[in-house]
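FYI, side chains are in, hydrogens and waters are out, and symmetry mates aren't considered; it's all heavy atoms of this structure. All residue numbers refer to positions in the sequence shown, counting from 1. First listed ligand is number 1; within each ligand, the first listed atom is number 1.
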Amino acid sequence: MADGRHTLLNRLDPPPAAAAQARASAGTAAAQRPSARKVHIKTYGCQMNVYDSRRMADLLAPLGYAETDAAEDADLVVLNTCHIREKAAEKVYSELGRLRRIKEAPGRRPMKIAVAGCVAQAEGPEIAARAPVVDFVLGPQSYHRLPELIARDAREKGRVLETGFDVEAKFDVLKDVYGAAAANEGPTAFVTVQEGCDKFCTFCVVPYTRGAEVSRPGSAILEEARMLADRGVREVTLLGQNVNAWASDGDGQGAWGLGELCRALARIDGLDRIRFTTSHPRDMDDGLIAALGEEPKLMPYLHLPVQAGSDKILKAMNRGHDADHYVRLIDRIRAARPDIALSGDFIVGFPGESEADFEATLDLVREVTFASAFSFKYSRRPGTPGAAMGGHAPEDTKADRLKRLQALLEEQRVAFNAATVGRRLPVLFEKPGRRAGQLVGRSPYLQPVHAMGPHGLIGEIVEVDIVGTTPNALAGEMAGEAIAAAEKGAA
Ligand code: 5AD
Ligand code: SF4
């Protein structure tokens with residue numbers, strides 16, 4: 001730090017005993033049960049961040065931190081940030097401005113502010129310079145050290161920057177908090193199985209912010225899933241930046257890929273639905289495709305980003321496959337699981353994208369047909385190869401292409417939903433709806449479903465007749481016998 005008011009401790013190489021230390025400090029704190037304090041965790045970006053935020057809450061609970069929805073009410077505020085596009089990153093700085101006013105209000109009790117996640121990793125020193133109000137900067141592979149940092153801060157006072165990549169140590173520490181987790185997960189839960197990315201798509205910051213691909217051991221994942229099932233979780237979604245690159249020893253039974261892992265999870269009693277996200281077309285192997293076809297607990301929904309339909313752009317993006325490869329892959333997946341709902345990610349206006357290149361994306365979408373999709377204007381990310389390429393499209397060209405692509409994708413989404421009207425689908429109900437007596441759940445295809453039914457069916461899988469669609473959901477009706485059967489199953 002230039003102003004010398006703070007000590008900036010850069011621990012790029014955490015000591016080998018870091019994991020043990022963090023565990024020990026969490027354990028000691030649990031034994032002491034200090035007086036109640038409040039933490040406000042605000043999450044930006046992907047499901048991996050949602051998962052990480054839950055684990056931070058779990059790590060902080062033994063230190064006496066209860067969660068609060070309001071930053072105004074908190075002793076500790078954690079911003080778990082996203083760096084994927086410029087807009088996401090800029091939001092963090094405006095939120096820090098708001099937090100500063102709260103923290104520095106006259107008479108305010110002391111408040112600590114931590115910036116975690118991918119902005120912390122990518123812009124740690126810049127955050128320290130731009131926002132002196134921040135106390136801790138923690139990368140996505142270092143947040144397991146939060147309890148230790150808080151303890152250290154109480155002794156040493158100073159700003160801390162933690163941006164190491166000790167993923168294995170993180171998995172090791174987190175292993176111990178899963179069982180003690182204070183948060184009630186409800187009937188669905190995320191489980192991180194893989195982190196990081198070695199693909200280096202030329203637009204993407206993830207390989208720099210999350211580091212290299214690392215898989216969690218199969219035995220640890222199965223153990224966590226069993227524990228979740230014991231707590232009443234019916235559906236798990238396996239998370240990874242490249243989830244289908246997951247590989248591990250399968251409980252001493254030789255090398256496993258994601259297909260084998262899903263089959264092993266399917267054998268856990270009480271766990272009825274398995275999903276995984278996000279997959280890469282290059283890692284979609286035969287074992288996983290076969291599992292999708294054969295394992296009924298594996299839900300018929302696949303998020304398989306393609307990004308673009310032009311071979312020239314796919315090459316410039318370093319995606320490692322062409323459009324034809326993707327289309328043939330989808331054919332094989334549909335041969336194995338004909339009803340699969342496909343979802344994708346798209347980027348328009350990548351450097352060098354011509355009108356003809358963009359139309360190739362529209363052609364691919366027409367050929368494949370998607371049940372849902374996420375689409376974005378290319379955002380120039382400093383430090384990525386794409387940022388240095390020539391031919392950046394003007395903003396209005398990107399906006400126009402995005403509008404045209406989204407119109408087509410929306411047409412396909414609406415058609416997919418309409419095609420489920422008249423079918424009877426098993427729905428896992430997750431929570432009450434906005435209207436009295438209404439429940440909200442998900443179909444196997446991840447569509448939200450609204451239906452009237454007794455509150456006791458939350459956490460149950462019920463056969464529902466799909467009778468209509470609303471802009472963002474399906475409208476369903478439960479037959480009396482379906483309610484009775486589900487209630488009997490729940491008893
Ligand atoms: N600009 C726009 N979209 C991006 N994505 C990743 N990086 C960028 C970027 N620089 C999108 C991709 C990816 C999703 C998570 O975010 O479509 O699959
Ligand atoms: Fe980013 Fe590409 Fe890795 Fe996905 S596969 S996280 S888009 S670099």
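Not a single heavy atom of Met317 lies less than 4.0 angstrom from ligand 2. Under the 4.0 angstrom criterion for non-hydrogen atoms, Arg380 is not in contact with ligand 1.
Cation-pi geometry between Arg54 and Phe190 is not satisfied (NZ or CZ under 6.0 Å from the ring centre, within 45° of the ring normal). Both cation-pi conditions hold for Arg55 and Tyr51: the charged atom is under 6.0 angstrom from the six-membered ring centre and inside a 45 degree cone around its axis.
Less than 4.0 angstrom separates some heavy atom of Phe203 from each of these atoms of ligand 2: 7 (S). Heavy-atom contacts of Ile84 reach the following atoms of ligand 1: 5 (N), 6 (C), 7 (N), 8 (C), 9 (C), 10 (N), 16 (O) (cutoff under 4.0 Å). The distance from ligand 1 to the heavy atoms of Lys377 drops below 4.0 Å at these ligand atoms: 1 (N), 2 (C). Taking every non-hydrogen atom of Pro207 and a distance limit under 4.0 Å, the qualifying atoms of ligand 2 come out as 8 (S). Atom numbering of ligand 2 starts at 1 in the shown order; those under 4.0 Å from a heavy atom of His280 are 5 (S). Interface atoms of ligand 1 facing Gln307, defined by a heavy-atom separation under 4.0 Å, are 12 (C), 13 (C), 17 (O), 18 (O). In the vicinity of Tyr378, heavy-atom distances shorter than 4.0 Å reach the ligand 1 atoms 1 (N), 2 (C).
Considering Thr369, Val368, Leu362 as possible partners of Arg366, the one that fulfils the side chain to side chain contact (heavy atoms under 4.5 Å, CB included) test is Leu362. Partner of Leu261 under the side chain to side chain contact (heavy atoms under 4.5 Å, CB included) criterion, chosen from Leu288, Leu238, Val243: Leu238.
Closest to atom 1 (Fe) of ligand 2, if we only count protein heavy atoms, is Cys204 SG, 2.3 Å. Protein heavy atom nearest atom 8 (S) of ligand 2, with residue, atom name and distance: Cys201 N, 3.3 Å. Of all protein heavy atoms, the one lying nearest to atom 18 (O) of ligand 1 is Asp345 OD2, 2.6 Å.
Residue Phe203 touches ligand 1 through backbone and side chain together, judged by heavy-atom distances below 4.0 Å. When non-hydrogen atoms are compared, ligand 2 lies under 4.0 Å from the side chain of Cys197 (C-beta onward) but not from its backbone. The proximity of Pro305 to ligand 2, defined as any non-hydrogen pair under 4.0 Å, does not occur for either the backbone or the side chain.
Under the 4.0 Å criterion applied to side-chain N and carboxylate O atoms, Arg413 and Glu410 are assigned as salt-bridge partners. The pair Glu353-Arg401 meets the salt-bridge criterion, since a charged nitrogen lies less than 4.0 angstrom from a carboxylate oxygen.
Arg210 places a side-chain heavy atom less than 4.5 Å from the side chain of Cys118.
Protein non-hydrogen atoms do reach within 4.0 Å of atom 3 (Fe) of ligand 2.
Note: Trp256 CH2 to Ser215 OG = 13.0 Å, rounded to the nearest 0.5 Å.
Closest heavy-atom approach to atom 5 (N) of ligand 1 among the candidates Arg85, His83, Lys398: Arg85.
Between Leu96 and Val133 the shortest heavy-atom distance is O-CG1, 4.3 Å. Shown here for Gly45 and Cys82, the closest heavy-atom pair between the two residues is CA-CB, 3.7 Å.
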Full working for salt bridge (Lys or Arg N to Asp or Glu O under 4.0 Å) between Lys398 and Glu395: CA-CA 5 Å; Lys398 290 193 227 175; Glu395 210 37 48; 3.8 Å; yes
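Annotation: Ser379 places an N or O atom under 3.5 Å from an N or O atom of ligand 1; distance criterion only.
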